[in-house]
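Every chain is numbered from 1, with letters handed out A, B, ... down the list of sequences.
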Protein chains: 2
Amino acid sequence: MKPENIKVACSNCNLRELCMPVGLAPGELQRLDDLVATRRKIKRRETLFRNGEPFTSLYAIRTGVFKTRVTSEDGRDQVTGFQMAGEIIGLDGIVNDQHTCDAVALEDSEVCVMPFERIEELSREVTALQRHVHQIMSREIVREHGVMLLLGSMRAEERLAAFLLNLVQRLHARGFSRSELVLRMTREEIGSYLGLKLETVSRTMSKFAADGMVEVEQRNVRILDPEALRRIVNPPGC
Amino acid sequence: MKPENIKVACSNCNLRELCMPVGLAPGELQRLDDLVATRRKIKRRETLFRNGEPFTSLYAIRTGVFKTRVTSEDGRDQVTGFQMAGEIIGLDGIVNDQHTCDAVALEDSEVCVMPFERIEELSREVTALQRHVHQIMSREIVREHGVMLLLGSMRAEERLAAFLLNLVQRLHARGFSRSELVLRMTREEIGSYLGLKLETVSRTMSKFAADGMVEVEQRNVRILDPEALRRIVNPPGC
DNA sequence: CGCGGTGTTGAAAATTGTCAATAATTGTGG
DNA sequence: CCACAATTATTGACAATTTTCAACACCGCG
């Protein structure tokens, strides 16, 4: 699998607002193009990087969806997130110069490879980029706080409702429907992310369907009553 | 409570290895002193910052212990971490220029206030500092992955065992005993962090004591059999 | 010395997990 | 293109874990 060597340009990427939403002077914008060394295509089920591999680059997702997962010493694993177009993965590798999780493509995907050395170099000169890198990392920390809240204090229904709402919101921000979504991950992967067994995910999904809140047909989900889902996440008495 | 205006120096701080372990040229080391604008003392139960407050600075803990917690819209809260000397808090505020969690002192504490603008400025010039800031943020992301694994896939005993081992390990790195520790947090706070009710924490602690793995006397804990605790975290069959 | 916050323990209830059977879907190779 | 195997999803019955509710003990502090 040799990575393909296609030169690309951030300056006219249509994901710019998602991936590098910095207010840049025209000259600076062109310098950003230097960040992306290559693009790389990852087939479904293949990994972009794996736990233990040396860290060299951050990756901006151009197309497709990934999951990231950590594995404990005794082999249990935990999905730590699902990432889609415009999102940045690989931040875990910075601290020890090697990755501490796996990034697996859930469908055929393509990423921009941004060598971290180059990012650091350029962000010393382009203040807006420096700020942006800090924001991306901080955003990830805040996102994970939210996951900890979900895992630590929510019940199965609340977790799944929050998950569906989050997913459809992010898809909508990318131009997809506000109410229909196609799950790119299995029930087991959803369960791993939410700290539930796949059977619990399946049952809870069925319950939502029985209550008329969603329509579920395998991986196709239609949100019929988003308000009801929101009420589940944030119970009424408050 | 006006913050006290004491000028301080990183260059001769005995926490340097914990808080700013960068290999710096002598000249650069002195410039680091400019990072710390002031120190600030926080009394037990008081907050260093709160959700919603404008973000201005990162804080390096000099003495004491903090907890950070997030609160959901409906008022549930989740402890996201316990931080001690040498650790950096406030990273959550970078992304939206305001804090998204509370930092509460669990005992009388003191922090170094490092205005983030100054950090960004200086890390444009001092490469080692830039790298270090990135590492601190990445380390926090990796730590949170571990918490997600704990919350998502471990049972009560495993969570508490992992918690105790982590705590005593960090204390030992700071020169305290390898086996004795004083919990600065309540059972409820431990429970919130571990996604358990306080009764479950108490019961599990009692069980560990009954099994001879620890000696518990209120907040004083002595680890009698660290290997047994490790076996609980990482079950044998692997 | 008593009070409020904290911690422990028991019994019952609720939630989620486990195991198992079956169905539906997808991928693969003939 | 079809058929078969493998994966994924659903559902039921039961078990395990954790929570809830309640009572009581302990501790530190005014």
Side-chain angles (χ1 to χ4, degrees), chain A residues 43-46 65 67 76-79 104-108 150-164 181-211 214-221 232 235 237, chain B residues 43-45 67 76 78-79 104 106-108 150-164 181-211 214-221 232 235 237:
Chain A
K43 284 226 167 58
R44 193 159 111 91
R45 288 170 209 273
E46 289 183 350
V65 180
K67 71 172 174 185
R76 278 180 288 203
D77 57 0
Q78 170 74 26
V79 170
V104 184
L106 298 182
E107 60 182 40
D108 294 358
L150 179 142
L151 292 172
S153 74
M154 291 186 174
R155 310 204 288 90
E157 290 188 20
E158 302 172 309
R159 295 184 199 188
L160 187 63
F163 171 74
L164 291 173
L181 63 156
V182 178
L183 301 173
R184 302 272 112 132
M185 63 294 286
T186 67
R187 300 290 190 264
E188 184 171 24
E189 288 164 332
I190 297 174
S192 171
Y193 180 60
L194 299 179
L196 302 169
K197 293 296 164 185
L198 68 94
E199 293 94 331
T200 306
V201 173
S202 182
R203 266 185 253 277
T204 308
M205 205 82 102
S206 300
K207 181 177 182 308
F208 285 175
D211 293 353
V214 302
E215 224 169 71
V216 183
E217 189 189 338
Q218 297 296 123
R219 304 220 178 159
N220 302 297
V221 177
I232 287 183
Chain B
K43 284 227 166 57
R44 193 160 109 91
R45 287 170 210 275
K67 71 171 174 186
R76 278 179 288 202
Q78 169 75 26
V79 171
V104 184
L106 297 182
E107 60 182 41
D108 294 356
L150 179 143
L151 291 173
S153 74
M154 291 186 173
R155 311 204 285 92
E157 289 187 20
E158 301 173 310
R159 296 184 200 188
L160 187 63
F163 171 75
L164 290 174
L181 63 156
V182 179
L183 302 173
R184 299 288 141 161
M185 63 295 284
T186 66
R187 300 290 190 264
E188 184 171 24
E189 287 164 333
I190 297 173
S192 171
Y193 179 60
L194 298 179
L196 302 169
K197 294 297 163 185
L198 68 95
E199 294 94 331
T200 306
V201 174
S202 181
R203 265 185 254 277
T204 308
M205 205 82 100
S206 300
K207 180 176 183 307
F208 286 175
D211 292 352
V214 302
E215 224 170 71
V216 183
E217 191 189 336
Q218 298 295 122
R219 304 224 177 158
N220 301 298
V221 177
I232 287 184

Legend entry - Sugar-phosphate, base or nothing in reach of Arg159(A), heavy atoms under 4.0 Å: nothing
Legend entry - Pairwise side-chain contact, Thr200(A) with Leu160(A), heavy-atom cut-off 4.5 Å (strictly under): no
Legend entry - For DNA chain C, the residues among residues 198-205 of chain A that have a non-hydrogen atom under 4.0 Å from it: Glu199(A), Thr200(A), Arg203(A)
Inset, instruction - Using whole Å, report how far NZ of Lys207(A) lies from P of dG12(D). - result: 14 Å
Inset, instruction - Taking the side chain as every heavy atom from C-beta outward, state whether Tyr193(B) and Arg159(B) have any atom pair closer than 4.5 Å. - result: no
Legend entry - Minimal non-hydrogen separation, Gln78(B) against Leu151(B), with atom names: NE2-CD1, 4.1 Å
Legend entry - For Leu183(A) against Met205(A), the heavy-atom pair lying closest together: CD1-CE, 3.8 Å
Legend entry - Atom of Gly191(A), atom of Val201(A) and distance for their closest heavy-atom approach: CA-CG2, 3.5 Å
Inset, instruction - Please state how far atom CD in Glu158(B) lies from atom P in dT17(D), giving the value in whole angstrom units. - result: 11 Å
Legend entry - Residue Gln218(A), side-chain atoms from C-beta onward, closest of dT16(C), dG27(C), dA9(D): dA9(D)
Legend entry - Side chain to side chain, Arg76(A) and Met154(B), heavy atoms closer than 4.5 Å: yes
Inset, instruction - Specify the separation, in whole Å, of atom CD1 of Ile190(B) and atom C1' of dT6(C). - result: 12 Å
Legend entry - Among dT8(C), dT6(C), dG27(C), the one nearest Ser206(B) by side-chain distance: dT8(C)
Legend entry - Rounded interatomic separation in angstrom, taking CZ from Arg219(A) and P from dT7(D): 14 Å
Legend entry - For atom CD of Glu217(B) and atom C1' of dT8(C), their distance in whole Å: 14 Å
Inset, instruction - Could you check whether Gly195(A) gets within reach of a base, just the sugar-phosphate, or nothing at all, counting any heavy atom under 4.0 Å? - result: sugar-phosphate
Inset, instruction - Identify whether any heavy atom of Arg44(A) sits under 4.0 Å from a base atom; if not, whether one sits that close to sugar-phosphate; answer base, sugar-phosphate or nothing. - result: sugar-phosphate
Inset, instruction - Let me know the distance between CG of Leu151(B) and C1' of dT16(C), rounded to the nearest Å. - result: 16 Å
Inset, instruction - Give a yes or no on whether the backbone of Lys197(A) and the side-chain of Glu188(A) come within a donor-acceptor separation of less than 3.5 Å. - result: no
Legend entry - Under the salt bridge (charged side-chain N to carboxylate O under 4.0 Å, His left out) test, residues paired with Glu199(A) that sit two or more places apart: none
Legend entry - Taking every non-hydrogen atom, the tightest pair across Asp108(A) and Arg44(A): OD1-N, 2.8 Å
Inset, instruction - Side chain of Lys197(B) only, please: which of dT9(C), dT25(C), dT20(D) is the nearest? - result: dT20(D)
Inset, instruction - State whether Arg155(B) places a side-chain N or O below 4.0 Å from either non-bridging phosphate oxygen (OP1 or OP2) of dA16(D). - result: no
Inset, instruction - Describe, as an angle rounded to 10 degrees, how the axis at the first end of the helix from dC1(C)-dG30(D) to dG30(C)-dC1(D) is tilted relative to the axis at the last end, five pairs per end. - result: 40°
Legend entry - Whole-Å distance separating the CD atom of Glu188(B) from the P atom of dT8(C): 13 Å
Inset, instruction - Looking only at side-chain atoms of Arg45(A), point me to the closest of dT8(D), dA9(D), dT6(C). - result: dT8(D)
Legend entry - Rounded interatomic separation in angstrom, taking CZ from Arg184(A) and C1' from dT26(C): 14 Å
Inset, instruction - State, to 0.1 Å, how close Arg187(B) and Gln218(B) come at their nearest heavy-atom pair, and which atoms those are. - result: NH2-O, 2.8 Å
